[in-house]
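Read through the structure below, which is laid out as structure tokens, and then see the notes.
Heavy atoms only: backbone and side chains are in, while hydrogens, waters and symmetry mates are out. Every value quoted in this text rests on a predicted model; they were computed, and no experiment measured them. Letters go in sequence order (proteins before strands), and every chain restarts at 1.
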Number of protein chains: 2
Amino acid sequence: MRDLFETRRWDGAARLGELTVPRAGVTVETPVLLPVVNPHIRTVPPATLHEEFGAQALITNGYVIYTSDEFHDRALEEGLHEMLSFPGAIATDSGSFQLAEYGDIDATTRDIVEFQYEIGADIGTPVDIPTPPDAGREQAERELAETTDRLAVAESVETGRMLLNAPIQGSTYPELRERAAREAYGTTLDVFPVGAVVPLLNGYRYAEVVEVVLAAKRGLGADAPVHLFGAGHPMMFALAAALGCDIFDSAAYAIYARDDRYLTVRGTEHLDDLEAFPCACPVCAAHEPDELRRLEDDGRERLLARHNLHVTFAEMRRVREAIRRGELLELVDARARGHPRLVDGYRRLLDDADTLERTDPASKDAFFAVSAESARRPEVRRHHDRLARLDVPEGAEILLTEGENNSRYDDSWRVVAPFGPFPRALSDSYPLTAEVPARPSLAACEAAVDGVARLAAANPTASFTLAHEGWPEAALAELPEGVAAYRLGTDGDGEGER
Amino acid sequence: MRDLFETRRWDGAARLGELTVPRAGVTVETPVLLPVVNPHIRTVPPATLHEEFGAQALITNGYVIYTSDEFHDRALEEGLHEMLSFPGAIATDSGSFQLAEYGDIDATTRDIVEFQYEIGADIGTPVDIPTPPDAGREQAERELAETTDRLAVAESVETGRMLLNAPIQGSTYPELRERAAREAYGTTLDVFPVGAVVPLLNGYRYAEVVEVVLAAKRGLGADAPVHLFGAGHPMMFALAAALGCDIFDSAAYAIYARDDRYLTVRGTEHLDDLEAFPCACPVCAAHEPDELRRLEDDGRERLLARHNLHVTFAEMRRVREAIRRGELLELVDARARGHPRLVDGYRRLLDDADTLERTDPASKDAFFAVSAESARRPEVRRHHDRLARLDVPEGAEILLTEGENNSRYDDSWRVVAPFGPFPRALSDSYPLTAEVPARPSLAACEAAVDGVARLAAANPTASFTLAHEGWPEAALAELPEGVAAYRLGTDGDGEGER
């Protein structure tokens with residue numbers, strides 16, 4: 001069934017995709033957000049989610065319906081789509097959350113998967129075991145084995161054109177996550193949720209979220225649609241999309257609204273702390289915080305939920321646009337400044353620049369160097385690898401300069417932080433067309449020096465001189481032996497003073 | 001009249017203020033955005049600006065009305081407020097722009113100021129000379145002298161309760177801007193626009209904008225309301241507010257809409273390049289780019305102007321909220337990632353951390369260290385100055401540690417990048433309550449090492465040992481002679497290996 005997910009554009013490990021959901025007769029564009037609908041509490045009616053917010057799909061809880069006196073029979077008779085009045089794709093969760101919460105549930109994977117099929121779900125879920133972060137290794141292994149068995153059970157159920165989730169567990173053990181992913185990918189199941197990350201997300205443990213998702217991705221093929229289960233806060237959509245997550249779901253929009261919590265792309269605010277709404281959405285453009293505070297609970301909750309949905313869907317559109325234009329890492333960079341833990345997540349992502357590099361397009365519209373972190377982007381890595389393969393003539397004397405050509409040398413190359421040196425002929429090719437700050441950061445200069453070192457190492461008979469506009473001593477100190485350097489505008493031109 | 005501007009909260013050099021506009025009988029909350037209304041082209045009617053967008057004030061062009069067959073007499077008869085149907089404060093520009101554009105205008109400062117008074121403007125403007133950036137020094141001086149003369153003329157006109165702008169010119173010469181500001185501040189005029197920065201803004205020359213505004217601010221008292229003339233792009237509101245600008249005006253919302261340009265807080269997009277709207281505003285929540293492209297010109301322009309206004313007003317609310325909560329520099333940090341030139345502007349701002357420090361509150365809710373730039377914030381500077389005054393007992397052996405106390409030493413202080421060391425008793429005081437990334441940047445470690453150096457220099461008889469969790473060698477290399485360092489978890493504990 002893997003041919004149901006088509007990727008149409010990549011940006012690092014992120015991709016724009018189209019997931020065909022055969023039973024719903026729809027194709028959803030990914031990255032996509034599925035609002036969570038609790039059949040018992042419809043803060044925003046599913047029809048509104050579709051018509052006003054453009055929700056292509058939603059997710060509801062199959063186990064809650066299964067155990068509900070009110071909905072069990074109705075769902076079987078009417079089908080989910082009619083019961084919820086929702087024309088898009090409907091995914092159902094299985095009760096794994098309840099299992100994690102209460103230790104036991106009243107249904108087997110077979111029961112639940114069959115029930116999901118019978119009520120007309122478009123994407124169903126087996127009852128996997130959501131091992132929490134920091135679980136003991138033995139527990140994590142044991143529960144993972146159980147999850148794997150349950151995936152096998154799910155595979156054996158006759159489910160027609162319904163797609164099935166193959167959740168990936170393994171707690172905070174990257175090697176278990178990778179193995180779990182490999183096993184899940186080996187089944188005939190269709191969609192690959194990374195499970196039990198909600199405690200990490202709630203604890204702002206973004207570096208570990210990155211770690212766990214990267215591990216799961218290593219076990220999956222590029223054609224596997226990945227759902228980051230329970231990830232609904234817009235502050236981390238860009239980062240998660242950069243990891244290659246395709247599907248998100250949000251219960252947060254409703255749950256947060258109940259507690260007067262207000263989502264933004266920079267974090268969560270409490271209504272009581274706001275004097276003005278820092279947002280342009282229809283709710284915030286038409287109301288003041290004071291007005292909402294004076295409303296009765298229901299009205300306030302409904303408006304806050306609508307605000308939360310507006311920012312959530314807008315950020316998902318922003319992420320899709322950024323991927324399409326090859327600008328996702330710039331968006332991740334900006335979003336990271338919302339919280340120091342997001343910075344940790346971003347830095348952890350860049351530790352795996354090699355992974356991102358593999359699917360990064362050779363050319364994009366623009367590279368914006370906007371931070372110390374930009375110096376560690378996959379494009380810089382790729383340029384450095386190219387430097388290690390560039391030949392200069394035997395014994396040539398090459399000037400690498402931020403300034404003009406200098407005829408005293410056999411050749412003058414340009415040098416731009418964070419990339420380092422390149423022949424002038426490459427000036428018009430990505431990423432050397434980058435927009436960079438006039439004043440490079442220390443990190444950018446260090447990366448450029450690293451580029452010089454790669455070039456020098458590849459060409460031991462040539463001699464190199466770096467002419468810079470006042471790079472910090474800490475960066476210059478890392479120049480390899482034998483590479484001369486001088487500051488432009490001093491009298492060192494060509495003499496190689498350090 | 002300076003008592004008409006009250007600052008009620010500071011965040012660095014930024015402030016929340018209230019500007020009383022006596023003739024309008026209103027008080028506007030600053031930072032404030034004045035939409036520019038061209039009486040001939042009302043893309044969005046002034047009444048709508050007030051009712052739907054919450055505009056407290058607008059600005060229109062007194063000279064355009066003065067020279068208009070259609071509006072000159074009407075304005076005199078009806079008054080501006082009735083003619084424009086706008087109940088808030090109305091500021092008028094003077095024709096300086098036309099002067100710059102065409103070299104000459106048909107009116108003197110006296111004519112124009114009197115006319116502005118007669119038509120009922122609440123804030124009027126003399127005809128200053130907007131010397132462009134990069135003008136020759138002699139031209140800049142000559143034109144500044146002329147502007148100064150015209151401010152004196154404006155002072156002499158009887159204008160009742162109308163406030164008057166005292167524009168500050170001086171091209172890209174900081175010392176001229178400072179002198180101009182000092183002279184303007186010495187008049188009886190009321191509001192202080194920094195003029196002729198539009199060419200810098202259009203050229204993304206944000207570092208120079210920062211330079212010029214900082215220079216003007218040096219010549220003004222803290223009680224001077226400052227208008228950054230022509231600054232209407234939301235991508236730079238946070239940076240400009242951080243400089244202490246209080247008043248902004250936007251013609252961009254309408255002019256950009258005419259060319260299908262779409263404002264965002266991360267830059268400008270062209271409608272043709274958008275597949276989805278990366279925004280939550282009422283226009284973007286209800287429409288798709290394709291729909292707008294299919295509309296006739298007028299309808300498209302109106303919707304784009306409304307979008308542009310929504311993001312502009314929302315960003316101004318966001319800036320006010322950020323100042324109120326002491327989080328403006330975090331917002332500036334995020335916004336800087338929209339363009340490398342904004343990064344240059346932000347870095348230039350931090351070069352003047354001393355200036356920001358002077359009006360920065362002693363305590364705020366939170367300090368988020370979110371980038372290499374965070375290490376240069378005024379709070380870090382202030383902590384370092386405090387370190388230089390902290391006494392430790394003569395001859396004491398002090399451990400400065402990222403880890404636990406160690407009883408081998410006379411005392412164990414904490415050390416946190418980017419702040420550096422501090423006695424444990426200060427752990428609960430701002431900014432040492434900061435949220436910092438788990439993995440500090442090189443810049444943060446360097447700042448912390450600088451803090452260690454300040455402390456060691458102030459206490460030459462004491463001995464200090466730094467125990468860190470793996471700081472980069474480039475940072476450790478800058479530790480002063482005599483300060484030992486070891487990495488936690490190695491066997492160096494207390495032995496001071498480097």
Side-chain angles (χ1 to χ4, degrees), chain A residues 52-54 207 264 266 269 273-282 284-286 307 310-311 313-315 317-322 324-325 330-331 333-344 347-348 368-373 434-439 441-443 446 474-475 477-478, chain B residues 52-54 207 266 269 273-282 284-286 307 310-311 313-315 317-322 324-325 330-331 333-344 347-348 368-374 434-439 441-443 446 474-475 477-478:
Chain A
E52 278 184 45
F53 294 92
T264 86
R266 299 173 45 71
E269 304 292 348
D273 298 331
L274 293 171
E275 270 192 16
F277 282 133
C279 171
C281 87
C284 298
H307 156 82
H310 276 299
V311 293
F313 276 103
E315 181 69 357
R317 290 196 296 273
R318 199 174 282 121
V319 164
R320 284 201 296 265
E321 278 292 290
R324 189 173 65 77
R325 301 150 67 103
E330 280 90 346
L331 184 62
D333 199 297
R335 290 295 177 257
R337 315 307 163 179
H339 198 283
R341 297 276 99 72
L342 275 173
V343 174
D344 281 325
R347 290 181 181 160
R348 180 63 193 81
F368 276 9
V370 290
S371 69
E373 283 73 24
E435 292 269 0
V436 302
R439 193 200 317 187
S441 65
L442 171 55
E446 288 197 327
E478 290 171 33
Chain B
E52 279 184 44
F53 294 93
R266 299 173 45 70
E269 304 292 347
D273 298 333
L274 293 171
E275 270 192 17
F277 282 133
C279 171
C281 87
C284 298
H307 156 82
H310 276 300
V311 293
F313 277 102
E315 181 69 356
R317 289 196 296 272
R318 200 175 280 121
V319 164
R320 283 200 297 264
E321 277 292 289
R324 189 173 65 78
R325 300 149 68 102
E330 280 90 345
L331 184 62
D333 199 297
R335 291 295 178 256
R337 315 308 163 178
H339 198 283
R341 296 277 98 73
L342 275 174
V343 174
D344 281 325
R347 291 181 181 160
R348 180 62 192 80
F368 276 9
V370 290
S371 69
E373 284 74 23
S374 296
E435 292 270 0
V436 302
R439 193 200 319 185
S441 66
L442 172 54
E446 288 197 327
E478 290 171 32

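- Heavy-atom minimum distance, B:C284 versus B:F277: CB-CB, 3.6 Å.
- Of the residues considered (B:A336, B:S441, B:A475), B:S441 shows the highest number of contacts with chain A, using heavy-atom pairs under 4.5 Å.
- Between chain B and the options A:V311, A:V319, A:V436, heavy-atom pairs under 4.5 Å are most frequent for A:V436.
- For B:E269, the part sitting under 4.5 Å from any heavy atom of chain A is the side chain, from C-beta outward, and nothing else.
- For the salt bridge (Lys or Arg N to Asp or Glu O under 4.0 Å) test, no residue two or more places apart in sequence or in another chain qualifies with A:R317.
- Interface check for chain A: of the options B:A314, B:A280, B:A207, the most heavy-atom pairs under 4.5 Å are formed by B:A280.
- To the nearest 0.5 angstrom, A:T264 atom OG1 is 11.0 Å from B:E321 atom CD.
- Both the backbone and the side chain of B:E435 have a heavy atom closer than 4.5 Å to some heavy atom of chain A.
- Both the backbone and the side chain of A:L331 come within contact range of chain B, judged by heavy atoms closer than 4.5 Å.
- Ring geometry for A:F53 against A:H310 counts as tilted: the plane angle lies between 30° and 60°, on a 0 to 90° scale.
- Using a 4.5 Å cut-off between heavy atoms, A:A443 makes no contact with chain B at all.
- Between chain B and the residues A:R325, A:R320, A:R348, A:E446, the largest count of heavy-atom pairs under 4.5 Å involves A:R325.
- Across all their heavy atoms, B:V370 and B:S374 have their closest contact at N-OG, 2.9 Å.
- With sequence neighbours excluded, the residues that form a side chain to side chain donor-acceptor pair (under 3.5 Å) with A:E315 are A:R318, A:R335.
- Heavy atoms closer than 4.5 Å to chain B are found in both the backbone and the side chain of A:E330.
- Ranked by non-hydrogen atom pairs under 4.5 Å with chain A, the options B:R324, B:R337, B:R347 are led by B:R337.
- Two residues are said to be in side-chain contact when any heavy atoms from C-beta on lie closer than 4.5 Å; A:P340 and B:P437 meet this criterion.
- The parts of A:H339 that come within reach of chain B are both its backbone and its side chain, each placing non-hydrogen atoms under 4.5 angstrom from that chain.
- A distance of 11.5 Å separates CG of B:D333 from CG of B:L342, quoted to the nearest 0.5 Å.
- Using modelled atom types, one side-chain atom of A:D344 and one backbone atom of B:A438 make a donor-acceptor pair closer than 3.5 Å.
- Looking at A:V343, only its side chain comes within 4.5 Å of chain B, counting heavy atoms on both sides.
- Interface residue A:R341: only side-chain heavy atoms are found under 4.5 Å from chain B.
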